[in-house]
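Residue numbers start from 1 in every chain, and the chains themselves are labelled A, B, ... in the order their sequence lines are given, proteins ahead of strands. A quick note: this is a predicted structure, and the numbers were derived from the prediction, not measured. Hydrogens, waters and symmetry mates play no part in the numbers below; they use all other heavy atoms, side chains included.
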Amino acid sequence: MGVAFRDILTEFRDTVGWEALAGVAAVDAHNALYQFLSIIRQPDGTPLMDQEGRTTSHLSGILFRTANFLEKGIRPVWVFDGTPPDFKQETIEVRRAIRDRAGERWQDALERGDIAEAYKQARSSSRIDENVIGTSQELLSLLGIPCVQAPSEGEAQAAHMVEKGDAGYVVSQDYDTLLFGAPVLVRNLAVSGKRKVRGRTISVYPERILLSDVLKGLALTRSDLVRVALLVGTDFNSGIKGVGAKTALRMVQRGEFEQTMRERLPDTEWEAIMEFFLAPPATDSYSLHWNAPDREGIIRMLCDRFDFSQERIQKALDSMGAKAGQKTLDSWFS
DNA sequence: CCACGAGA
DNA sequence: TCTCGTGGG
């Protein structure tokens with residue numbers, strides 16, 4: 001999921017403090033929701049659920065993440081996916097198959113009592129359905145956070161909003177938004193600063209990537225960067241087996257892109273994908289307004305409907321209210 | 001993921 | 001005061 005650019009971007013990732021991130025952040029909703037759904041689980045893989053068995057992991061994630069963002073002076077706008085381009089269909093089907101298989105393996109692992117495997121498979125089985133989208137938007141609306149509906153890919157819309165200056169940066173774990181032209185990408189925007197990797201916990205800091213640094217540092221145009229992506233594989237095409245980011249970069253720098261595509265990926269109609277990355281559908285019809293959280297509405301939704309603890313929710317709401325009060329509601333929630 | 005309490 | 005483990009729904 002997402003273009004595998006990590007190996008060529010290491011030197012362009014600078015860690016930044018939270019204070020440098022105050023301002024408007026365009027959140028890649030699909031990426032954030034997937035993160036919440038896959039990670040907010042019990043050790044055996046069971047997600048948070050209400051008494052009726054409806055998943056609530058994403059609601060927990062949204063609430064506390066939003067509280068933290070507002071506390072740190074970050075005003076999020078969530079950008080949701082629209083209709084994917086036709087050439088994404090194959091990827092979508094492959095992912096569905098992987099997800100379904102993971103669901104089966106999760107059950108198998110549970111029956112065997114293999115908890116670690118169960119957790120791993122459960123994560124991969126995460127699915128962002130209409131219900132997740134709907135309840136997420138409902139909660140964000142109650143929190144006073146604006147949502148933008150992308151005509152096509154959310155990452156493209158988020159990139160567009162940063163290019164326009166309506167947001168300072170895109171928040172996503174994936175690098176794809178750079179391909180869509182996002183001038184600034186921020187990753188690892190999680191509060192805890194810790195992550196479990198194979199049992200060990202390591203510290204992670206927010207990291208910022210400037211597209212201009214990447215292009216300058218690698219001596220590439222944005223089209224070239226997309227060419228590298230096409231060789232390693234994107235959401236819209238599978239790349240060349242055995243070719244990673246470093247090899248692909250070398251190929252592009254040597255001007256071997258078209259020949260390599262012709263020889264190794266003859267069935268990929270890359271011109272259309274390239275055009276999509278360079279000039280993706282995006283809309284200007286959105287309005288960004290942040291409102292004070294609707295405390296009672298949030299409690300009705302989370303506590304009355306989804307069985308959240310009233311005490312916990314009150315505390316989270318208090319932390320948001322405190323910050324809002326400091327700057328006066330009008331200037332902050334404009 | 002995040003919050004919170006226990007224990008150092 | 002900080003780290004770590006656990007529960008959250």
Which part of the nucleic acid does Pro47(A) contact within heavy-atom distance under 4.0 Å: base, sugar-phosphate only, or nothing?
base
Lys315(A) side chain N/O closer than 4.0 Å to the phosphate oxygens (OP1, OP2) of dC2(B)?
no
Is there a side-chain contact between Thr234(A) and Phe277(A) in this structure, where contact means two heavy atoms from C-beta onward sitting under 4.5 Å apart?
yes
Please state how far atom CZ in Arg65(A) lies from atom P in dC2(B), giving the value in whole angstrom units.
5 Å
Distance alone, cut at 3.5 Å: any donor-acceptor contact between the side chains of Asp284(A) and His160(A)?
yes
Scan Arg54(A) against the nucleic acid and name what it touches under 4.0 Å (heavy atoms): base, sugar-phosphate only, or nothing.
nothing
In a table with atom names and distances, give each donor-acceptor pair under 3.5 Å that connects a side chain of residues 124-144 of chain A to protein atoms at least two apart or in another chain.
{"unit_1": "Ser124(A)", "atom_1": "OG", "unit_2": "Lys120(A)", "atom_2": "O", "d": "3.4"}
{"unit_1": "Ser125(A)", "atom_1": "OG", "unit_2": "Ala122(A)", "atom_2": "O", "d": "2.7"}
{"unit_1": "Ser126(A)", "atom_1": "OG", "unit_2": "Arg41(A)", "atom_2": "NH2", "d": "3.1"}
{"unit_1": "Ser126(A)", "atom_1": "OG", "unit_2": "Arg123(A)", "atom_2": "O", "d": "2.7"}
{"unit_1": "Asp129(A)", "atom_1": "OD1", "unit_2": "Asn131(A)", "atom_2": "N", "d": "3.1"}
{"unit_1": "Asp129(A)", "atom_1": "OD1", "unit_2": "Val132(A)", "atom_2": "N", "d": "2.8"}
{"unit_1": "Thr135(A)", "atom_1": "OG1", "unit_2": "His58(A)", "atom_2": "NE2", "d": "2.8"}
{"unit_1": "Thr135(A)", "atom_1": "OG1", "unit_2": "Asn131(A)", "atom_2": "O", "d": "2.8"}
{"unit_1": "Thr135(A)", "atom_1": "OG1", "unit_2": "Val132(A)", "atom_2": "O", "d": "3.2"}
{"unit_1": "Ser136(A)", "atom_1": "OG", "unit_2": "Val132(A)", "atom_2": "O", "d": "2.7"}
{"unit_1": "Glu138(A)", "atom_1": "OE1", "unit_2": "Arg305(A)", "atom_2": "NH2", "d": "3.3"}
{"unit_1": "Glu138(A)", "atom_1": "OE2", "unit_2": "Arg305(A)", "atom_2": "NH1", "d": "2.8"}

Please tabulate, one pair per line, all N/O donor-acceptor pairs under 3.5 Å involving side-chain atoms of residues 239-262 of chain A, not counting sequence neighbours.
{"unit_1": "Gln253(A)", "atom_1": "NE2", "unit_2": "Leu218(A)", "atom_2": "O", "d": "3.0"}
{"unit_1": "Gln259(A)", "atom_1": "NE2", "unit_2": "Glu263(A)", "atom_2": "OE2", "d": "3.0"}
{"unit_1": "Thr260(A)", "atom_1": "OG1", "unit_2": "Glu256(A)", "atom_2": "O", "d": "2.5"}

Spacing between Leu48(A) atom CG and dG7(C) atom P, to the nearest angstrom:
13 Å
Under 4.0 Å, heavy atoms only, any strand: does Ser60(A) hit a base, just the sugar-phosphate, or nothing?
base
Strictly below 4.0 Å, heavy-atom distances to any atom of DNA chain C: list the hits from residues 302-314 of chain A, or just say none.
Phe306(A), Asp307(A), Phe308(A), Ser309(A), Arg312(A)
To the nearest angstrom, how far is Asn188(A) atom CG from dC2(B) atom P?
11 Å
Of the listed dA3(B), dG8(C), dG9(C), the closest approach to the Ile40(A) side chain comes from dG8(C)
Rounded to whole Å, CD1 of Ile39(A) lies from C1' of dG8(C) at a distance of 16 Å
Could you list the donor-acceptor pairs under 3.5 angstrom formed by side chains in residues 101-116 of chain A, with sequence neighbours left out?
{"unit_1": "Trp106(A)", "atom_1": "NE1", "unit_2": "Asp44(A)", "atom_2": "O", "d": "3.0"}
{"unit_1": "Asp114(A)", "atom_1": "OD1", "unit_2": "Glu117(A)", "atom_2": "N", "d": "3.2"}

From CG of Leu139(A) across to P of dG9(C) the rounded distance in Å is 14 Å
State whether Asn68(A) places a side-chain N or O below 4.0 Å from either non-bridging phosphate oxygen (OP1 or OP2) of dC1(B).
no
Side-chain donor-acceptor distances from residues 13-32 of chain A under 3.5 Å, at least two apart:
{"unit_1": "Arg13(A)", "atom_1": "NH1", "unit_2": "Tyr175(A)", "atom_2": "OH", "d": "3.1"}
{"unit_1": "Asp28(A)", "atom_1": "OD1", "unit_2": "His30(A)", "atom_2": "N", "d": "3.4"}
{"unit_1": "Asp28(A)", "atom_1": "OD1", "unit_2": "Asn31(A)", "atom_2": "N", "d": "3.3"}
{"unit_1": "Asp28(A)", "atom_1": "OD2", "unit_2": "Ser172(A)", "atom_2": "OG", "d": "3.0"}
{"unit_1": "Asn31(A)", "atom_1": "OD1", "unit_2": "Gln173(A)", "atom_2": "N", "d": "3.0"}
{"unit_1": "Asn31(A)", "atom_1": "ND2", "unit_2": "Asp174(A)", "atom_2": "OD2", "d": "3.4"}

Select one nucleotide: of dG9(C), dC4(B), dC2(B), the one nearest the side-chain heavy atoms of Gln42(A).
dG9(C)
Write down the distance between CD1 (Ile62(A)) and C1' (dG9(C)), rounded to a whole number of angstrom.
15 Å
Arg41(A) has an atom CZ; how far is it from atom P of dG5(C), in whole Å?
22 Å
Would you give me the side-chain donor-acceptor pairs under 3.5 Å for residues 61-68 of chain A, sequence neighbours excluded?
{"unit_1": "Thr66(A)", "atom_1": "OG1", "unit_2": "Ile62(A)", "atom_2": "O", "d": "2.6"}

Send over the distance from Met49(A) CE to dG7(C) C1', rounded to a whole Å.
14 Å
